[in-house]
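Scroll down for the structure; my scribbles are underneath it.
Position 1 is the first residue of the sequence, and the numbers go up from there.
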Amino acid sequence: MTVKVEVPTFPHFINGKWEPASSKETFDVFNPATGELVAKVAKGTEVDVDRAVKAARAAFDQGEWKNMNPKDRAKILYAISYQIADHAEELAYLEAISSGGTVRRIGNSDILQMVDLFQTLANFTVDYPFSETLPVPPFPGPAHNFIWREPIGVCVAITPWNLPMSIATWKIAPALAMGNTIVIKPASYTPLSTLKLTEIISAVVPPGVINVVTGPGADVGEALVQHRLVDKVAFTGSTDVGRRIMGLAAGTIKNTTLELGGKSPNIILEDADLNIALPGSLFGVFLHSGQLCESGTRLFVPDKLYDQVVAGLVALSSKLKLGNPLDPTTDVGPVISKKQKETILAYIEAGKQEGATLVCGGKEVKVPGCEDGHFIEPTIFTNVTNNMKIAQEEIFGPVLCVIRYAEIEEAIQMANDTIYGLAAGVWTRDVNKAYEVARQLQAGVVWINDWHMLRSDAPFGGYKQSGIGREMGQHSLDAYTQVKHVHTSMTPELDRRNWYGILFGQN
Ligand code: NAD
């Protein structure tokens, strides 16, 4: 007997309630490892966007959330962190069956980081300088002056499919901590974990403080970015879409944070400990099948170590086990979709055409039990030059470009020769040399003898076309506040006012 399991339908989440799409239409969500249909999700329109924004606006304007004592909001952030930990298994499952991330990574890293971020920002909120007093100045006259930090208002979060839950959290946690309300639009490949996370959070915040509208970027995303009642847009995604969003946000001069693409350089120095640098560099590029914005996709290797490094990388890569992300023994899962798989394979073909040498992987794989999934072998190209397409464009797949250098100055010059500037890394036993290289690298984060080490209390974001603004840490709280200067005159006599003589000098 075959048991027919009904595919669940997920509506929008607006004003504390599940709400079907006004169009009654849905779109399909597939498991990238198996090709199975896993859910149907509300296909939003401008009408749904307007409902969600108005709910967030009312929740902000009525003031209960924004006027709450920050210590009380911090307690709620802690409550959210405990709820995330309690729902870890369900969240990890929903994330894995839609994004293709392995449960091993999501359980051992993403969920812990989400819990840590809510707690860290809660602690920062308690000590946050919501009001600072300036010294009484002699000029332009004695006065009490304050700098107040206030929430911005209604914030929109538009998130990508690669780390849907974590990236939503990087926006939700600081927005809520500072007293804003939020509307989230997750990527259409991966809305499930964000919807569940929102349901969990909504149990402890007033209705309308957190909302989700699902649907295509071109409709739902653009309607959100242009909505006149939205005050801020926080976007994570590709540089092309970021450019489009920046243009649309200009119409209403919205505060905008952009976290965009990367082509991060990773430099091995001659004195590096290769026992760590080689697995570390592969962790840097093949985690989540290379679908991480900060992946170390360009590896710069000195002439002297070149053959040894390449041999070591190939040996280690061939041990990685591709498989179903739900299987805890899987090292590398699928890529997100058939379309993404074809894009990656086209880049691999371009690398061969340009004269790079394929030394590992390069092909699609049929994983037993996951025959309809989208798997690509961890792929390594050598003899890559930094001007090749595969070294300049973000592939967003498991493809490593190994580039040879003679002198460190040449490696640094090539490392910075890109439109991106998200992350960079250097492997060496000499910490002074490491700092010297780190100072010259144009990137928002530099890892020394490590990779992917993001922290809740440290800012993350890009130089150049990798973005504008920072997420996480104290910087992310600043990014969700407005600054107000309040001046109170201490001069009771009119004729002692500095401005009186300026305008009424003849009287
Ligand atoms: P994407 O730019 O295609 O989509 C991101 C989000 O934007 C999705 O929710 C999508 O529906 C929405 N969108 C698409 N077009 C839109 C439009 N015209 N208006 C408004 N919204 C629109 O990115 P993706 O393919 O989902 O994710 C991969 C990209 O994200 C890569 O470039 C990667 O480097 C980047 N990324 C960056 C970071 C970072 O922190 N810098 C983190 C993760 C991913």
Side-chain angles (χ1 to χ4, degrees), residues 2-10 27-41 88-111 159-168 186-197 214 282-283 285-293 295 317-348 361-379 395-399 452:
T2 49
V3 182
K4 195 165 180 301
V5 180
E6 204 167 317
V7 173
T9 299
F10 287 79
F27 62 90
D28 296 336
V29 174
F30 296 96
N31 182 335
T34 61
E36 277 169 289
L37 177 66
V38 290
K40 291 186 164 289
V41 177
E89 227 166 281
E90 188 182 357
L91 289 169
Y93 174 77
L94 291 172
E95 182 93 341
I97 62 163
S98 51
S99 74
T102 63
V103 282
R104 204 163 79 200
R105 188 207 80 221
I106 299 166
N108 291 311
S109 169
D110 299 20
I111 298 272
T159 55
W161 46 257
N162 63 332
L163 289 182
M165 215 167 31
S166 298
I167 290 173
S188 296
Y189 287 122
T190 53
L192 310 185
S193 49
T194 305
L195 283 161
K196 183 68 203 174
L197 180 66
T214 45
L282 294 180
F283 172 67
V285 67
F286 291 147
L287 184 68
H288 199 17
S289 286
Q291 301 168 115
L292 293 170
C293 50
S295 296
S317 299
S318 54
K319 288 189 191 153
L320 293 172
K321 181 186 164 199
L322 276 76
N324 192 323
L326 295 176
D327 177 349
T329 68
T330 293
D331 299 322
V332 181
V335 298
I336 188 71
S337 63
K338 182 167 183 283
K339 184 164 167 260
Q340 183 67 6
K341 179 178 66 187
E342 283 163 1
T343 302
I344 298 164
L345 291 172
Y347 271 111
I348 293 173
K363 295 190 301 298
E364 183 179 352
V365 186
K366 289 286 165 211
V367 169
C370 294
E371 284 77 8
D372 292 326
H374 315 298
F375 293 87
I376 296 189
E377 291 171 324
T379 297
I395 299 173
F396 228 54
V399 181
H452 291 309

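Under the 4.5 Å side-chain criterion, counting only non-hydrogen atoms from C-beta, Met165 is in contact with Ile106. With contacts defined as side-chain heavy-atom distances shorter than 4.5 Å, the pair Asp28/Lys40 qualifies. Within the 4.5 Å cutoff, the side chain of Asn324 has no heavy atoms near those of the Val367 side chain. Side-chain contact check for Pro186 versus Thr214: some heavy-atom pair is nearer than 4.5 Å. Counting heavy atoms from C-beta on, the side chains of Thr190 and Asn162 never come closer than 4.5 Å.
With hydrogens and angles ignored, the 3.5 Å screen pairs a side-chain donor or acceptor of Gln291 with a backbone N or O of His288. At distances below 3.5 Å, at least one donor-acceptor pair connects side-chain atoms of Ser289 with backbone N or O atoms of Gly333. Between the side chain of Glu342 and the main chain of Gln340, no donor-acceptor pair closer than 3.5 Å is present.
Within 6.0 Å of atom CZ in Phe27, more than 12 heavy atoms from other residues, nucleotides or ligands are found, so the atom counts as buried in its surroundings. Heavy-atom neighbours of Lys319 NZ from other residues, nucleotides or ligands within 6.0 Å: at or below the threshold of 12.
The heavy-atom pair separating Leu322 from Thr330 by the smallest distance is C-CG2, 4.3 Å. For Phe375 against Gly323, the heavy-atom pair with the smallest separation is CE2-O, 3.3 Å. Contact detail for Val335 and Pro398: the closest heavy-atom pair is CG1-CD, 4.2 Å. Across all their heavy atoms, Val399 and Phe286 have their closest contact at N-CE2, 4.1 Å. The minimum heavy-atom distance between Thr379 and Glu377, with the atom names listed, is OG1-O, 2.7 Å. When all heavy atoms of Ala96 and Leu326 are compared, the pair lying nearest together is CB-CD2, 3.8 Å.
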_Checking Glu95 against Leu197 for the side chain to side chain contact (heavy atoms under 4.5 Å, CB included) test, could you report, in this order, the C-alpha distance in whole Å, the side-chain angles of both residues, the deciding distance, and whether it holds?_
CA-CA 11 Å; Glu95 182 93 341; Leu197 180 66; over 6 Å; no
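For the atom pair OG1 (Thr194) and CD1 (Ile167), the distance works out to 10.0 Å, reported to the nearest 0.5 Å. Interatomic distance, Ser99 OG to Tyr189 OH, rounded to the nearest 0.5 Å: 13.0 Å. Remark: His374 NE2 to Phe30 CZ distance equals 9.0 Å, nearest 0.5 Å. To the nearest 0.5 Å, atoms CZ (Arg104) and CG (Asp331) are separated by 4.5 Å. Separating the CD atom in Glu90 from the OG atom in Ser193 is a distance of 10.5 Å, to the nearest 0.5 Å. Atom CZ of Phe396 sits about 12.0 Å away from atom OH of Tyr347, to the nearest 0.5 Å.
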